[in-house]
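As structure tokens, the structure follows; a few thoughts come after it.
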Amino acid sequence: MREYRGSEIRNVAVVGHGASGKTSLVDALAFVSGASKRHGNVKDGTSLTDFSHEEIERGYSINLGCAYAEWMETKINLIDTPGYLDFQGDAIAGLAAADGALCVVGATAGVEVGTEKMFREAVTRRDPVLFVVTMMDKENADFDRVLQDIRARLTTKVIPIEVPIGEGPDFSGILNLFSRKAHLYKAGTKAGEYDEADIPAEMKDRFDRYYEQLIETIAATDDGLLERYLDGKEIGREEAIAAMKEGMKAGELFPLFCASAERTFGTRALLTKIVELMPSAWEMEELHAFRGAEGDRTVEIHADDDRPFVAHVFKTQSEPHVGDVSFFRVFEGLVSSGQDVYNATRDGAEKLSHLSIAQGRERTEVPALHAGDIGCVAKLRNTHTNDTLSTREHPVRMPQVRFPEPLVRFAVHATTRGDEEKLQQGLHRLHDEDPTFETHYVAETHETVVSGMGERHLEVMMAKLKRKFGVTAELTKPKVAYRETLTAKAEGQGRHKKQTGGRGQFGDCWVRIAPEPRGGGYKFVDQIVGGSIPSKYIPAVDKGMQEASQRGVLSGYPMVDFRVELFDGSYHSVDSNEMSFKMAGMLAFRTVAPKCRPVILEPIDEVEVATPDEYLGDVMGDLSSRRGQILGTEVVGSGQMGTRVRALVPEAELHLYATQLHSLTHGRGTFTRHHHGYEQMPPDAAQKVVEEAAREKEAVGVG
Ligand SMILES: Nc1nc2c(ncn2[C@@H]2O[C@H](COP(=O)(O)OP(=O)(O)OP(=O)(O)O)[C@@H](O)[C@H]2O)c(=O)[nH]1
Ligand SMILES: [Mg+2]
């Protein structure tokens, strides 16, 4: 393959709802262009970009996949992204690596939750977006309805560039509004070949209607053009394309195409339009990167071969027998295979051995990559997703891709005893691959907790864990890290005395224990006067208090937010020592704390739920039944997207909330959650926690 410079490269992320036909379309585009030798198929597990074991087995995309088409002397890098929201981290990473998006909509399903989500994501990034209505050959395909759907739910600025001839099994061609010709597909079409013909007479009306809309819309993007249009003058093809491209960049215009990936219909015109309408990598908007500490100093990044090398790693994928493969977008500079580079994010040296480009699972070595291109290398030493590679002489870090916060949590246990270490290693490697998958050990509950975007996400991660790292693990509901605190003040004594032959032990202290405000932590106040306890023993009392408070008096959960005032005590000149006073402190805690009206605290999350208004009542009702406290509601995006509800909800009540919200809102509700703090549990709920703790203690005792 020849080398492509930035001006000859288009980077396009293919996004949309699950099963809308993205992977099939990417495969068809690469094949039709000649860059891929075989027309693969998702159903047979032969598609270009769904090649991992998990993807073939399940029949949907899990990872973003890189492919390319070569068309009109241009390299089109196609980043196929997963549509299921469980895997949206990769879809967001795909957008970050691209300069524009192909938003795919199924001709029978129309606009769905994932379409909305990814369209808005692209628009927020100010990426040009091109719509493709695919699966036009499917029974019940309905182009006009899908167009209406896009207008109603996504944007009124959508404008068809192509109109299908026939729908469903009758889909046999397209009217191309730009060339003003009909493309008629032959029966044996394999790679999108067509006969060009005049617009069929019976379709003339339909053509004229859409054509007028198109030219009017284009003219409206440019005052000069509008004037000429109103004067009745012709607008030429080149002019129209240039105006359209500007309109797309400004987010004023979203062209729409139709296709069937399965039959390869419409693919050639689509490739042509990607080249003509999408900005080249060279034209990318100027970005900035950090030099030194974040926000310290910024430098501009241009897709210029003559500038120092800068690339951003947007995906890491571990492959059997190969190790980690890092996919990156070169944002600046020309880079050669074997070049030494610098990972400024981790302050480490790396070598780009066997620099390659990927066509699905196939990787081809290339001597160099120009600014704006996308490539990959295997086996970097210590480089992960979201790192920036640059040079030692010009070290910079690109702003990080913001991945969504995980939504569901499970405790994870190795099924086989002795696999714990392998489990930990595997989990960390999986996190390196996928930043939306997190793992951490919760000391309070002695559990390893994994979190991710949904149950499907975690289930796939466990399958990967097994296949790649040979560890079988099971997921269970995570324990809640309850705490205890005190609500009243009390005082009392802790006296430790032991006389067992030889030298005895003696420590005696009087303390007052009082509540501190939430988050106030633990405080120790020394109020000893007159040396009733020698100062050298006082830290021991403090230590005893702290140690004892690790196990609260109600349930054994740690006691927090209280103050200890040590105000009196006594000692023995021979028998007293630090150990004795520590014991005295512990005894004082156990004697006094129960008198301070202890209560259970539970972790609370702040949850933000966005839902279409028709489900708002159900969503609020459900939050209340989870002991949620509604903080407020607000209208989202001028009401089009519904309402956002903010609420404080106990963590214990949020297990599987993602799944419940999905079913309550037919997949349209979304939410985020953050730890908010700890709050006192209502007595009846607290009682259950106390009983549960007692049962567990007993079980441990028996075992
Ligand atoms: N008839 C017909 N079926 C299609 C076409 N494109 C895709 N399909 C089928 O639709 C199903 C989903 O297609 P995919 O390409 O996997 O969809 P996707 O958008 O990549 O799905 P996710 O990866 O889950 O987001 C598969 O069974 C395809 O064979 C098409 O143009 N015509
Ligand atoms: Mg797919």
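Note that ligands are numbered from 1 as they come in the structure, with each ligand's atoms numbered from 1 the same way.
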List every atom of ligand 1 that sits less than 4.0 Å from any heavy atom of Lys43, numbering the atoms from 1 in the order shown and giving each element. 27 (O), 29 (O)
Check Thr23 against ligand 1 and report side chain, backbone, both or neither, counting heavy atoms closer than 4.0 Å. both
Test applied, side-chain contact (heavy atoms from CB on, under 4.5 Å); reference residue, Val313; option that passes from Leu389, Val377, Asn386: Leu389
Considering the heavy atoms of Tyr84, write down every atom of ligand 1 situated less than 4.0 Å from one of them. 24 (O)
If we only count N/O pairs under 3.5 Å, is Lys22 in contact with ligand 1? yes
Atom 16 (O) of ligand 1 sits nearest the protein heavy atom Val42 CG2, 3.3 Å
Nearest non-hydrogen protein atom to atom 13 (O) of ligand 1, with distance, is Ser24 OG, 3.6 Å
Quick one: nearest non-hydrogen protein atom to atom 24 (O) of ligand 1, plus distance? Tyr60 CB, 3.2 Å
Thr23 OG1 and Ser61 OG subtending at the Mg ion (ligand 2) (10° steps): 90°
Aromatic rings Tyr615 and His666: how do their planes relate, parallel, tilted or perpendicular, breaks at 30° and 60°? tilted
For a 4.5 angstrom cut-off between non-hydrogen side-chain atoms, does Cys103 reach Met118? no
among protein heavy atoms, the one nearest atom 31 (O) of ligand 1 is Ala261 N, 2.9 Å
So do Ile76 and Val12 actually touch side chain to side chain, heavy atoms under 4.5 Å? yes
Nearest non-hydrogen protein atom to atom 32 (N) of ligand 1, with distance, is Asp137 OD1, 2.7 Å
Carboxylate-amine/guanidinium contact Asp99 Arg329, below 4.0 Å: yes
Would you call the rings of Tyr185 and Phe265 parallel, tilted or perpendicular, where under 30° means parallel and over 60° means perpendicular? parallel
Relative to atom 9 (C) of ligand 1, which among Glu55, Met136, Met135 owns the nearest non-hydrogen atom? Met135
Would Glu433 and Lys464 pass as an ion pair if we require N to O under 4.0 Å? yes
Pick from Glu438, Met461, Met462: which one makes a side-chain contact (heavy atoms from CB on, under 4.5 Å) with Leu430? Met461
To check your reading of the model: name the closest protein heavy atom to atom 2 (C) of ligand 1, its residue, and the distance in Å. Glu262 OE1, 3.4 Å
among protein heavy atoms, the one nearest atom 17 (O) of ligand 1 is Gly21 N, 3.0 Å
Is the shortest distance from a Lys or Arg side-chain nitrogen in Glu459 or Arg456 to a carboxylate oxygen in the other one below 4.0 Å? no
Checking a contact table here: which protein heavy atom is nearest atom 22 (P) of ligand 1, and how many Å away? Ala19 N, 3.5 Å
Proximal atoms of ligand 1 relative to Ser20 (non-hydrogen, under 4.0 Å): 17 (O), 18 (P), 19 (O)
Short check: any N/O/S atom of Ser24 below 2.8 Å from the Mg ion (ligand 2)? no
Single hit among Arg209, Arg151, Arg206 for salt bridge (Lys or Arg N to Asp or Glu O under 4.0 Å) with Asp144: Arg206
